[in-house]
Asker: 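This is the structure I want to talk about, given as structure tokens.
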Amino acid sequence: MALKTLLLVSVLAVLELRSVAGGHHGRFMPGSPLNISRNDHGLQQVVLTTTYSFNNQSNDAFLFKPSTIHRAQRQIVKGIRYIVDLEISRTICRKRDHNNNLSKCDFQPEGRLHQTFQCHAEVWLIPWENQTKIQVFLCKA
Ligand SMILES: *[C@@H]1O[C@H](CO)[C@@H](O)[C@H](O)[C@H]1NC(C)=O
Ligand SMILES: *[C@@H]1O[C@H](CO)[C@@H](O)[C@H](O)[C@H]1NC(C)=O
Ligand SMILES: *[C@@H]1O[C@H](CO)[C@@H](O)[C@H](O)[C@H]1NC(C)=O
Ligand SMILES: *[C@@H]1O[C@H](CO)[C@@H](O)[C@H](O)[C@H]1NC(C)=O
């Protein structure tokens, strides 16, 4: 009984906190996208996932990997949604060598094979389902 009451009280407290937070300026509202650190664990997972997806879909002879992250945001919506603007550049590793460690692949030097794409990705992680859903992934040269 005491436990039940305690739970109810804490639920009410959370609800109250939400309505206070939601009632004012947008930047404190739960659910709006907020900038996150480049070291965020989930962000690194998202960047890896989009890189695999890029390499899987490209017909290029070489593997690409991320070279710059311009924007990294996180939004709480039934899981965590990441919004990332990044650059993906061609490395010297050939796909046919099946190198599975991109950190060993250097970028192509300036020249004919040097190429970078500007990409925008929105990826939704649902940790309790172990799900990663790429909602948007667009790249342009
Ligand atoms: C690569 O893409 C193919 C279809 O284009 C898909 O069947 C396969 O599961 C993908 N592999 C990975 C590792 O994403
Ligand atoms: C969030 O990051 C973007 C891009 O890095 C930057 O332009 C913007 O000012 C940042 N916003 C806040 C509130 O820090
Ligand atoms: C990939 O290579 C780097 C640098 O050689 C190494 O530090 C890292 O442990 C390797 N990662 C995997 C998963 O093998
Ligand atoms: C998610 O993955 C972890 C570790 O890979 C596993 O222990 C867990 O059972 C998985 N959960 C679901 C819901 O698949």
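We're numbering straight along the sequence, starting at 1. Since this is a predicted model, take the numbers as computed values, not measurements. Whatever order the structure lists ligands and atoms in, that order sets their numbers, starting from 1.
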Asker: What residues form a side chain to side chain donor-acceptor pair (under 3.5 Å) with Lys95, not counting sequence neighbours?
Answerer: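 Expected list: Ser58.
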Asker: Determine whether a donor-acceptor pair (N or O, by modelled atom type, separation under 3.5 Å) exists between the side chain of Thr49 and the backbone of Gln45.
Answerer: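 Looks like yes, one N/O pair under 3.5 Å.
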Asker: For Arg38, does the CZ atom sit with more than 12 other heavy atoms under 6.0 Å from it, leaving out its own atoms?
Answerer: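 Yes, enclosed.
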Asker: Once rounded to the nearest 0.5 Å, what's the spacing between atom CG of Leu43 and atom CD of Gln73?
Answerer: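 It is 11.0 Å, given to the nearest 0.5 Å.
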Asker: Hey, does Asn35 come in under 3.5 Å of ligand 2, counting only N/O atoms on both sides?
Answerer: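 Yes, there is a polar N/O contact under 3.5 Å.
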Asker: If you count the atoms of ligand 2 from 1 in the order shown, which ones are under 4.0 Å from a heavy atom of His70?
Answerer: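 Counting from 1, the qualifying ligand atoms are 4 (C), 5 (O).
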Asker: Does Thr51 reach the main-chain N or O of Lys65 with its side chain, forming a donor-acceptor pair under 3.5 Å?
Answerer: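 Absent.
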Asker: Please produce the table of protein N or O atoms sitting under 3.5 Å from N or O atoms belonging to ligand 3, one pair a line, distance to 0.1 Å.
Answerer:
unit_1: ligand 3; atom_1: 2 (O); unit_2: Asn101; atom_2: ND2; d: 2.4
unit_1: ligand 3; atom_1: 2 (O); unit_2: Ser103; atom_2: OG; d: 3.2
unit_1: ligand 3; atom_1: 11 (N); unit_2: Asn101; atom_2: ND2; d: 2.9
unit_1: ligand 3; atom_1: 14 (O); unit_2: Asn101; atom_2: ND2; d: 3.2

Asker: Taking ring pair (Phe, Tyr, Trp, His ring centres under 6.0 Å) as the cut-off, I'd like each qualifying pair that reaches into residues 61-88, sequence neighbours left out, listed once.
Answerer: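 Only Phe54-Phe64, Phe64-Phe117 qualify under ring pair (Phe, Tyr, Trp, His ring centres under 6.0 Å).
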Asker: Going by the rule salt bridge (Lys or Arg N to Asp or Glu O under 4.0 Å), which residues pair with Arg71 if we only count those two or more places apart in sequence or in a different chain?
Answerer: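 Here the qualifying residues are Asp85.
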